[in-house]
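Taking it in order: structure first as C-alpha cells, then the write-up.
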2 protein chains.
Amino acid sequence: MLKVSRKFEYGLHAVVFLARKEPQAVVTVKEMSQDIGFSQEFLAKAMQNLKRAGIAVSVQGVNGGYRLARSPDDITVSDIGRAIEGEPHLMRCSAESGKCEIAETCTHRSYMFTLERRIDSLLAGTTVTSLLVSR
Amino acid sequence: MLKVSRKFEYGLHAVVFLARKEPQAVVTVKEMSQDIGFSQEFLAKAMQNLKRAGIAVSVQGVNGGYRLARSPDDITVSDIGRAIEGEPHLMRCSAESGKCEIAETCTHRSYMFTLERRIDSLLAGTTVTSLLVSR
DNA sequence: ACAAACAAGACAAATTTAAACCTATTTATC
DNA sequence: GATAAATAGGTTTAAATTTGTCTTGTTTGT
C-alpha cells in the first residue's frame with residue numbers, strides 16, 4: 001500500500017547524493033550507480049526524468065554528468081515524485097473522469113481528492129535538505 | 001504516483017455502499033457489483049479481504065451476503081487500505097530491511113519513514129462516515 | 001433436494017515495472 | 001581530426017504485479 005516505484009527510489013537517492021556534493025559538482029551516472037549499487041542504465045532513465053522536470057541539469061560530453069538545477073532547499077519529495085511517476089492520483093477518477101465506472105453517482109470522490117491533496121502537501125513539505133540531516 | 005489499486009477502489013465503494021444501508025442490512029456481492037458496475041468475482045475477492053480484516057462480516061447460505069462489522073465511524077480509509085493492500089510501505093526498505101541495496105548506509109530512510117507514518121495518519125483520520133456526507 | 005450465496009485456490013490475461021540493448025549526439029583531450 | 005567518455009532516447013525483453021475468470025466446495029433458507 002502506498003508504495004513508490006524503484007525508479008523513484010533511484011531518483012531520490014541520486015538527488016540526495018548530488019545534494020551532498022559541492023553545489024555545482026557534476027557527477028556521472030556511472031559514479032552514482034556504482035556508489036549506490038543500482039542499475040546504471042535504469043538510473044540513467046530516472047536522471048533523464050529529473051532533468052526534464054528541471055530538477056537536475058545535464059552536462060554532455062567528456063567530464064559530463066548531472067548536477068542539481070537548484071538548491072536542495074528548493075527541491076521537495078513531491079517534485080521528485082512528479083518528475084518520475086507523474087501527478088499524484090489516489091483514485092482513477094482523479095487521473096481522468098470516465099476512468100471510473102460510477103464517477104457520476106460517486107459521492108465520496110471529493111473527499112478522497114482532498115485526501116490526495118493533503119498527502120501531496122506532506123510530500124511537498126519535505127525538502128531534500130530535510131533529508132540530509134541524519135536523525 | 002501514490003495511486004491505490006482497483007481492488008482497493010472496489011472495496012472502498014462497497015464499504016461506503018454498506019454504510020449507506022441500515023446498520024445490520026446484509027447485501028450480496030451480486031447486488032453491490034451490479035449497482036456499482038464492477039466485476040462481481042473480483043469484488044468478491046475484495047470482500048473476502050475486508051472480512052478477514054474484521055471490517056465486514058459475512059453471512060453464508062441463501063439470503064446471505066455481507067454487512068459491516070462495526071460502525072462507519074470506526075472504519076477508516078487506512079483500515080481498508082491495510083485490509084486490501086497490506087501495510088503502508090513507501091520505500092522497499094520499510095517493508096523489509098535487505099530489500100534495498102544500501103539500507104545500511106542510507107541516511108534519509110528515517111525521515112522517509114516519518115513521512116510514511118504521517119501519510120498513514122491522514123488515512124487513519126478519514127473515517128467512512130466522513131466520506132458519507134456529500135460536499 | 002435445491003438453489004442462492006460465500007470460500008478459496010488455481011489459472012489466465014493484461015498491465016506495469018524493471019532492466020537491458022543499441023544507436024546517435026555531444027564534447028574534452030590528444 | 002580521431003578518440004573516448006558521457007548524456008539522449010528509442011526499442012525490446014524480462015519480470016513482477018494486478019486484474020479477472022474458473023472451478024470446486026461449503027453453508028443454509030426454502
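Chain A is the first sequence line, chain B the second, and so forth, proteins listed ahead of strands; every chain is numbered from 1.
Taking atom CE on M32(B) and atom P on dA4(C), their separation rounds to 18 Å, with Å as the unit. Whole-Å rounding puts the L18(B) CG to dC6(C) P distance at 11 Å. Distance, K3(B) NZ to dT15(C) P: 13 Å, rounded to whole Å. Across the protein-nucleic acid pair, I84(A) atom CD1 and dT17(C) atom P stand 13 Å apart, rounded to whole Å. M47(B) has its CE atom 16 Å from the C1' atom of dA8(C), to the nearest Å. Look at NZ on K51(B): it is 7 Å from C1' on dA7(C), rounded to the nearest Å. Between the CD atom of E9(A) and the C1' atom of dA18(C) there is a distance of 12 Å, given to the nearest Å. Regarding R92(A), its CZ atom lies at a distance of 15 Å from the C1' atom of dT16(C), rounded to whole Å.
Separation of atoms CE (M47(A)) and CD1 (I84(A)) is listed at 8.5 Å; rounding is to 0.5 Å. Note that the CG atom of D35(A) and the CD1 atom of I102(B) stand 8.0 Å from one another [nearest 0.5 Å].
The minimum heavy-atom distance between A69(B) and V57(B), with the atom names listed, is CB-CG2, 3.5 Å. Here the shortest heavy-atom pairing between H13(A) and C106(B) reads CE1-SG, 3.6 Å.
Between the side chains of S78(A) and R82(A), at least one donor N or O sits under 3.5 Å from an acceptor N or O.
In this structure the side chain of V128(A) never reaches within 4.5 angstrom of the side chain of L68(A), judged on heavy atoms. Counting heavy atoms from C-beta outward, M91(B) and R109(B) have side chains that stay 4.5 Å or more apart.
Distance from the side chain of K45(B) is smallest to dA10(C) among dA7(C), dA10(C), dA19(C). Nearest nucleotide to the side chain of T28(B), out of dG9(C), dA7(C), dA5(C): dA5(C).
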Interface polar pairs with nucleotides 27-30 of chain C, N/O, under 3.5 angstrom:
from, atom 1, to, atom 2, distance (Å)
dA28(C), O3', N63(A), ND2, 3.3

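Formation of a donor-acceptor pair under 3.5 Å by the D79(A) side chain with backbone atoms of T76(A) is found in this model. A donor-acceptor pair under 3.5 Å links the side-chain atoms of E116(A) to the main chain of L90(A), judged by distance alone.
Applying the ring-ring contact (aromatic ring centres under 6.0 Å, His included) definition to pairs two or more places apart or across chains, those involving residues 40-91 of chain B are Y10(B)-F42(B).
Positionally, the nearest nucleotide of DNA chain D for G65(A) lies more toward the 5' end than for the other of G65(A) and F42(B). When each of E41(A) and K7(A) is assigned the nucleotide of DNA chain C with its nearest heavy atom, K7(A) is the one assigned upstream, toward the 5' end.
For the OP1/OP2 pair of dA8(C) and a distance below 4.0 Å, the side-chain nitrogens and oxygens of R52(B) include at least one atom meeting the criterion. For Y10(A) and dA19(C), the shortest distance from a side-chain N or O to OP1 or OP2 is below 4.0 Å. A close approach under 4.0 Å does not occur between any side-chain nitrogen or oxygen of S5(A) and OP1 or OP2 of dT16(C).
Here the range on DNA chain D touched by chain B, meaning any atom under 4.0 Å from one of its heavy atoms, is dT19(D) to dT30(D).
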